[in-house]
Protein chains: 2
Amino acid sequence: MAERTSHRAAPEHTHPDDVPVLAALAALADPVRIQLVRELAGSPEWSRSCGGFDVPVGKAALSHHFAVLRGAGLVEQRDAGPKRVNRLRRAEFDARFPGLLALVLRAEPADGI
Amino acid sequence: MAERTSHRAAPEHTHPDDVPVLAALAALADPVRIQLVRELAGSPEWSRSCGGFDVPVGKAALSHHFAVLRGAGLVEQRDAGPKRVNRLRRAEFDARFPGLLALVLRAEPADGI
DNA sequence: CCGAGTGTTCGATGAAAACCATACACTCCC
DNA sequence: GGGAGTGTATGGTTTTCATCGAACACTCGG
């Protein structure tokens, strides 16, 4: 049959084209998720597992944040052994919401978030 | 002294340059405020008073939403007689967050917000 | 097969935000 | 000055969301 090696349910993804603006904005209007997106943008694709982020929340909340980012078409996930590795959907998301990712990724003038 | 005609406290404004990205995103991540911004964008400047919006909330909540929009550098308000008229800070906001307003103002592909 | 590592799900808790109804302040016009 | 129109402030309710702890699945290596 399929050449699937994992017996685990694949994570549900939403393509950026199916994401309303409101959902995209709401997904990015959170300091933890902004940090995740930024760190993800500074790393090669598929190089970061969910647990490998320096974020001040427990792993339950972290899992929830990744679900939100997936639902907003911002990240794609793939199972790699026991880990789940991530990729920022730069091109696709930027095609749907031009300039939005750039706003989040650029450094802040003063400092803050 | 001053040539002020109103004895009412002028509304506090925040310039877009002083607004963190997170605050801008949070301000726009609300369906009522998105509608306000859109209606405002489709009207001449200073032509709309706060109460003149077709929005499904009471006037207390409406006043709160305008305070949020002011704090995010999105709208400017001025007293005109008993009314308080509004203006969308298009150029200034776009200079600080290029493309963000355009994303909110463009029509949605499918329908939703 | 067992144990360590990783991520998700569940239930509950706490904080933040939206909302309303009321009361108040101000401006204008009669 | 009185009254209608307009917006803000306050207090309290409801909803939403982020978070945690604990329990559960899955993968891999010994």
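These numbers come from the heavy atoms of this one structure, side chains and all, not from hydrogens, waters or symmetry mates.
- With rounding to whole Å, Q77(B) atom CD is found 9 Å from dG7(D) atom C1'.
- The NZ-P distance, from K59(A) to dT9(C), rounds to 13 Å in whole Å.
- In this model, the phosphate group of dG7(C) is approached by a side-chain N or O of S49(A) to a distance below 4.0 Å at OP1 or OP2.
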Take R78(A) and E45(A) through the test salt bridge (Lys or Arg N to Asp or Glu O under 4.0 Å) and record every step on the way to the result. CA-CA 11 Å; R78(A) 167 200 300 175; E45(A) 302 201 331; over 6 Å; no

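- Across the protein-nucleic acid pair, R70(A) atom CZ and dT8(C) atom P stand 6 Å apart, rounded to whole Å.
- Of all the heavy atoms in P44(B) and S47(B), the pair that sits closest is O-OG, 2.6 Å.
- K83(B) has a side-chain polar atom (N or O) that falls below the 4.0 Å cut-off from OP1 or OP2 of dT6(D).
- Closest-nucleotide positions on DNA chain C for A67(A) and P82(A) were compared, and the one nearer the 5' end corresponds to P82(A).
- The shortest distance between the side-chain N/O atoms of R84(B) and the OP1/OP2 oxygens of dT8(D) is below 4.0 Å.
- Distance L62(B) CG to dT6(D) C1': 11 Å, rounded to the nearest Å.
- In the hydrophobic clustering of ILVMFWY residues, with side-chain heavy atoms under 4.5 Å counting as a link, V55(B) and L69(B) come out together.
- For H64(A) and dT8(C), the NE2 to P distance is 12 Å, given to the nearest whole Å.
- A pairwise comparison of heavy atoms in G73(B) and R89(B) identifies O-CD, 3.3 Å as the closest pair.
- D30(B) places its CG atom 14 Å from the C1' atom of dC17(D), with the value rounded to the nearest Å.
- Distance R8(B) CZ to dC24(C) C1': 13 Å, rounded to the nearest Å.
- Not one side-chain nitrogen or oxygen of H7(A) sits closer than 4.0 Å to the OP1 or OP2 atom of dC26(D).
- Mapped onto DNA chain D by nearest heavy atom, A26(A) and A80(A) fall at different nucleotides, with A26(A) at the one closer to the 5' end.
- Considering only side-chain N and O atoms, R33(A) lies under 4.0 angstrom from the phosphate OP1 or OP2 of dA18(D).
- Between the CD atom of E12(A) and the C1' atom of dT9(C) there is a distance of 14 Å, given to the nearest Å.
- Here the closest non-hydrogen pair linking R96(A) and V19(A) is NH2-O, 2.7 Å.
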